[in-house]
Structure formats: structure tokens, C-alpha cells
**Q** 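To start, I am sharing the structure in question, which I have written as C-alpha cells.
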Amino acid sequence: MTQDDALGMIKKALDAVTPGAGDDITMETDLAKDEVLDSLDLMNFLFELETLKGTKIPEITETFGDYRVTTLVDFLTKD
């Protein structure tokens with residue numbers, strides 16, 4: 001998966017949780033600190049992201065707290 005593919009997957013997961021949320025997302029966006037999603041939406045987003053990927057993302061645990069798009073792209077492109 002390329003970085004562009006991963007970014008597209010992130011935007012699709014965001015839009016599934018909050019329609020339109022993926023429109024202005026860039027690699028520099030922090031989904032939590034930039035208040036793109038609230039805490040409940042973040043959990044739903046991670047579920048959607050793993051569903052789209054078709055597998056669990058091992059780095060995402062119950063203590064996960066790094067919602068920078070660059071970090072998420074790194075997880076998705078790792079293989």
C-alpha cells in the first residue's frame with residue numbers, strides 16, 4: 001500500500017464516522033489535537049480503519065493515543 005492509498009483509506013474511515021471530515025485532512029493533521037474528531041469518534045474511526053484494512057492494526061491498542069495522520073499512514077504502509 002502506498003502513502004496515497006493509506007491517506008485515502010484514512011479519509012474514507014473519517015467520512016464513515018463524520019461525513020465530510022476527511023475533506024481537509026493532510027499528512028500534518030492530528031485528528032485529536034486539531035479537534036477533527038472527539039474521543040468517541042476517534043474510537044469509531046479506528047474501528048472503521050481496521051475494517052477497511054481488513055485486519056487489526058497491532059500498534060493500535062487500548063492505550064493508543066497518537067492520532068497524527070503521518071503515524072497512521074506509517075502503520076498502514078508497514079508490511
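Model, not experiment: these values are computed from the prediction.
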**Q** Say you draw a straight line from CG of Leu52 to CZ of Phe47; how long is it, rounded to the nearest 0.5 Å?
**A** 10.0 Å
**Q** Per the salt bridge (Lys or Arg N to Asp or Glu O under 4.0 Å) rule, what does the pair list look like for residues 35-51, sequence neighbours excluded?
**A** Glu50-Lys56
**Q** If you round to the nearest 0.5 Å, how far is CG of Leu72 from CG of Leu14?
**A** 9.0 Å
**Q** Rounded at 0.5 Å granularity, tell me how far CD in Gln3 sits from CG in Asp74.
**A** 7.0 Å
**Q** To the nearest 0.5 Å, how far apart are CG in Leu46 and CE in Met43?
**A** 7.5 Å
**Q** So, using salt bridge (Lys or Arg N to Asp or Glu O under 4.0 Å) as the criterion, who are the partners of Asp66 when residues are at least two apart?
**A** Arg68
**Q** Might you work through the side-chain contact (heavy atoms from CB on, under 4.5 Å) test for Thr2 and Thr77, ending with a clear yes or no?
**A** CA-CA 6 Å; Thr2 68; Thr77 57; 5.9 Å; no
**Q** Do the side chains of Asn44 and Leu37 get nearer than 4.5 Å, heavy atoms only?
**A** no
**Q** Please list every donor-acceptor pair under 3.5 Å in which a side-chain atom of residues 21-29 meets a protein atom from a residue at least two apart or in another chain.
**A**
unit_1, atom_1, unit_2, atom_2, d
Thr26, OG1, Glu28, N, 3.2
Thr26, OG1, Glu28, OE1, 3.3
Thr26, OG1, Thr29, OG1, 3.4
Thr29, OG1, Thr26, N, 3.0
Thr29, OG1, Thr26, O, 3.2

**Q** Nearest 0.5 Å, what's the CZ-CG distance between Phe45 and Leu31?
**A** 5.5 Å
**Q** Is the backbone of Met1 close enough, under 3.5 Å, to the side chain of Asp5 for a donor and an acceptor to pair up by distance?
**A** no
**Q** To the nearest 0.5 Å, what is the distance between OG1 on Thr70 and CZ on Phe75?
**A** 9.5 Å
